[in-house]
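Inspection log for the structure reproduced underneath, given as structure tokens.
This is a predicted model, so every value here is computed, not measured.
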Amino acid sequence: MKLPTAVLAAGAAVALVAATVGAARLRQGARHQAERNEAILAGNQIDWLAQVPTTPDLAENWKPEGMETEEYMRLTSVTLLVDGARALTAEQLGRIRLDPAEHDLWAVHDLATWQELMAPRAFARLDAIERARRGEGPACLITHT
């Protein structure tokens, strides 16, 4: 192979590698953008779900046909679980006060006791939450009522 032909072949190889790397970066960028979009949409959904149970006008616009607004607001209430990474003391537990119009009972038990007390489907949700809290991965929690 003559020198000019070798230079052209090397240049073509470099151009091919650059095009391949560029295409891979474009694909990776598109994938990352899709992941960012999904995260933003999930955040919007959480914000929306947090507002529906307390905003009758919003609930009225989104409720299914034939359902009362108040029922839809009740069914879309969201429970957010926060793990403070430490156990509450007996004194701290004793200071918990709940609105009696909203709650009639609260309790603290270990997971085995909750399994005995709860229906299997309800406990499956609690177990998934506990596994996620321990770092064993996220879980999608869906409840159909």
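Interatomic distance, Glu35 CD to Arg31 CZ, rounded to the nearest 0.5 Å: 6.5 Å. Rounded to the nearest 0.5 Å, atoms NE2 (His109) and CG (Leu117) are 5.0 Å apart. The distance from the NZ atom of Lys63 to the CE atom of Met73 is 12.0 Å, given to the nearest 0.5 Å.
By the salt bridge (charged side-chain N to carboxylate O under 4.0 Å, His left out) test, Glu91 is found to be paired with Arg95, residues two or more places apart in sequence or in another chain being considered. Partners of Glu130 according to the side chain to side chain donor-acceptor pair (under 3.5 Å) rule, which considers only residues two or more places apart in sequence or in another chain, are Arg133. Residues passing the side-chain contact (heavy atoms from CB on, under 4.5 Å) test with Ala90: none are found, sequence neighbours excluded. Residues passing the side chain to side chain donor-acceptor pair (under 3.5 Å) test with Glu60 are Thr69, sequence neighbours excluded. Applying the side chain to side chain donor-acceptor pair (under 3.5 Å) test to Asn37 and every residue at least two apart in sequence or in another chain returns Gln33. In this view, Asp104 satisfies the side chain to side chain donor-acceptor pair (under 3.5 Å) rule with no residue, not counting sequence neighbours.
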message: The test is side-chain contact (heavy atoms from CB on, under 4.5 Å); show your working for Leu111 and Phe123 and say whether it passes.
response: CA-CA 9 Å; Leu111 207 55; Phe123 179 76; 4.0 Å; yes
field: Pair Leu93-Trp106, side-chain contact (heavy atoms from CB on, under 4.5 Å): steps then yes or no
entry: CA-CA 10 Å; Leu93 289 172; Trp106 68 269; 4.0 Å; yes
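Atom CD of Glu68 has 12 or fewer neighbouring heavy atoms from other residues, nucleotides or ligands inside a 6.0 Å radius. Surrounding CZ of Arg25 are at most 12 heavy atoms belonging to other residues, nucleotides or ligands under 6.0 Å away.
Considering all non-hydrogen atoms of both residues, Tyr72 and Ala59 come closest at CD2-O, 3.6 Å.
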